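Reading through the structure tokens given below for one structure.
Every value quoted in this text rests on a predicted model; they were computed, and no experiment measured them. Both counts, for ligands and for their atoms, begin at 1 and track the order of listing.
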Amino acid sequence: PKALVLVGGYGTRLRPLTLTVPKPIIDFANRPMIVHQIEALKAAGVDEVVLAINYRPQVMMDFLKEWEEKLGVKIVCSQEPEPMGTAGPLALARDILYNDSNTPFFVLNSDVVCEYPMKQLLEQHLRTGAEGTILVTKVSDPSKYGVVVMDDRHKIERFVEKPQTFVGDKINAGIYCLSPSILNRIEPRPTSIEKEIFPAVATDGKLFAMPLEGYWMDVGQPKDYLTGLGLHLNSLRQRAPEQLADGPHIQGDAIIDPTAKIGKDCLIGPNVAIGKFCEIGDGVRLSNCVILNRVTIKNYARVADSIIGWSSKVGSWARIENKAVIGEDVFIKDEVYLNGAIVLPHKDIKESILEPGTII
Ligand code: GDD
Ligand code: MG
């Protein structure tokens, strides 16, 4: 089968990181988010992935050239002249997705992480003869998502995007298996699959749900990205513990790239990812944070609940905490304290910032 990933927009909620690269190629647990998805698609037999993009396609394609070979999957880019929403891109890629043999295809939002049970999704889709099958998960605050109401055989009776009043707590996880006939319902204009297409398919009794097992998170904003990392590392602990860091200086789950250098007497974890070529000094304390590639952290610095962007430098005894997000190539002077600061790329921070806010 083929697959389409909705790569979409500007990723404003993950700024300043998305000022450097598009959201799907930001590392999540030391691999680009979209690579996790493409690997799972490949494992389910997908041979071609269409990236539906409306922003900086070249950056994305250059980056994916490398992965196309590594992963052994054909990756093509479908660029939108204007943002086409979540359904319009399917109409634009009709030539690739449509086929007479009625082979279904996958569609994924690019910002969702889970264990991607694509094979099971395809199997259920074929078994029920549905036109669309969507993965669903349970959340405590359904109002920011698409909510589904289904019968006891998982047939969806209603699909309500971003409900204003309580409809239910089973939500659309943003991963679908669709039959080519659904393309006949979609016009090549900006349109929403959640608001215009799914409700119609549900009315025809052809939309089914598959409950997702294990963790799920939409990692489109910093807080959720860190929460999602914790869930993912916990799942690795069960499935592939050899990928996690190990040793007296590690507390809980952490993933550390083998090219990273770690000093003496550090305390790392729980929930930490350290990327390629990072240099961590002595006595550094890291918890619930992501250190992207090529970052230097000097002796006795502390980072908690925050993300440090590529190639940035954190001075000794500096303290960064409370959902701070530091952009690419930022310099943070020794002993500086940052409380929840959002720092744009290439800044020099010489003084402490006591209140959360954006540094322009
Ligand atoms: N190519 C393209 N063009 N992609 C787009 C466009 C567009 O115009 N607009 C949005 N996207 C992509 C986004 O990049 C993302 O990968 C996906 O479509 C969904 O858009 P979001 O903006 O992240 O939507 P959401 O998180 O509010 O809601 C969606 O995801 C929820 C699960 O996280 C919906 O599908 C909900 O029903 C769902 O519950
Ligand atoms: Mg989203």
Considering only heavy atoms, which of G146, P83, G85 lies nearest to atom 6 (C) of ligand 1?
-> G85
Against heavy atoms of W216, which atoms of ligand 1 measure under 4.0 Å?
-> 32 (C), 33 (O)
Which protein heavy atom lies closest to atom 21 (P) of ligand 1, and at what distance to 0.1 Å?
-> D111 OD2, 4.4 Å
Does ligand 1 have a heavy atom under 4.0 Å from the side chain of N109, from its backbone, from both, or from neither?
-> both
For ligand 1, is there an N or O atom under 3.5 Å from any N or O atom of A52?
-> yes
Let me see the working for N299 and V284 under side-chain contact (heavy atoms from CB on, under 4.5 Å), right down to the final yes or no.
-> CA-CA 6 Å; N299 298 349; V284 169; 5.7 Å; no
Any nitrogen or oxygen of A173, main chain or side chain, under 3.5 Å from a nitrogen or oxygen of ligand 1?
-> no
Please confirm whether K162 comes under 4.0 Å of ligand 1, counting heavy atoms of the residue only.
-> yes
G220 to ligand 1, any heavy atom closer than 4.0 Å | no
Can you pull out the closest protein heavy atom to atom 39 (O) of ligand 1? Residue, atom name and distance to 0.1 Å, please.
-> N172 O, 2.7 Å
heavy-atom search around atom 10 (C) of ligand 1 in the protein gives T86 CG2, 4.1 Å
Minimal heavy-atom distance between R13 and G220, with the atoms involved, is CB-O, 3.4 Å
Classify the side-chain pair T86/E194 by whether it contains a donor and acceptor separated by less than 3.5 Å.
-> yes
What is the nearest protein non-hydrogen atom to atom 2 (C) of ligand 1, stated with its residue, atom name and distance?
-> G8 CA, 3.3 Å
Verdict with supporting geometry, V136 and N172, side-chain contact (heavy atoms from CB on, under 4.5 Å) | CA-CA 5 Å; V136 303; N172 168 21; 5.7 Å; no
Which residue supplies the protein heavy atom nearest to atom 33 (O) of ligand 1, what is that atom called, and how far is it?
-> D218 OD2, 2.8 Å
Distance to 0.1 Å, residue and atom name: give those for the protein heavy atom nearest to atom 13 (C) of ligand 1.
-> L6 O, 3.9 Å
Looking only at protein heavy atoms, what sits closest to atom 1 (N) of ligand 1 is E80 OE2, 2.5 Å
Side chain, backbone, both or neither: which part of F198 has a heavy atom under 4.0 Å from ligand 1?
-> neither
Can you pull out the closest protein heavy atom to atom 37 (O) of ligand 1? Residue, atom name and distance to 0.1 Å, please.
-> E161 OE1, 2.6 Å
How does V112 reach ligand 1, by side chain, by backbone, by both or by neither, if only non-hydrogen atoms under 4.0 Å count?
-> side chain
Any cation-pi pair here, R294 with F277, using under 6.0 Å and within 45°?
-> no
Step through it carefully: locate the ring centre of F106, locate the ring centre of Y176, and say whether they are under 6.0 Å apart.
-> no
Sub-4.0 Å protein heavy atom near atom 24 (O) of ligand 1 = no
Check ion pair R189-E196 (N to O, under 4.0 angstrom) = yes
For ligand 1, which atoms, with element, lie under 4.0 Å from some heavy atom of N54?
-> 2 (C), 3 (N), 7 (C), 8 (O)
Check each atom of ligand 1 against the heavy atoms of Y176 and keep those under 4.0 Å away; list them by number with element.
-> 35 (O)
Give the atom name of whichever N/O/S atom in D111 sits closest to the Mg ion (ligand 2).
-> OD2
Within-cut-off N or O pair, S110 and ligand 1, under 3.5 Å | yes
Which N, O or S atom name in D218 marks its closest approach to the Mg ion (ligand 2)?
-> OD2
According to the interplanar angle, ranging from 0 to 90°, do the rings of Y300 and W317 count as parallel (below 30°), tilted (30 to 60°) or perpendicular (above 60°)?
-> parallel
Which heavy atom of A52 sits nearest a heavy atom of L4, and at what distance?
-> CB-CD2, 4.2 Å
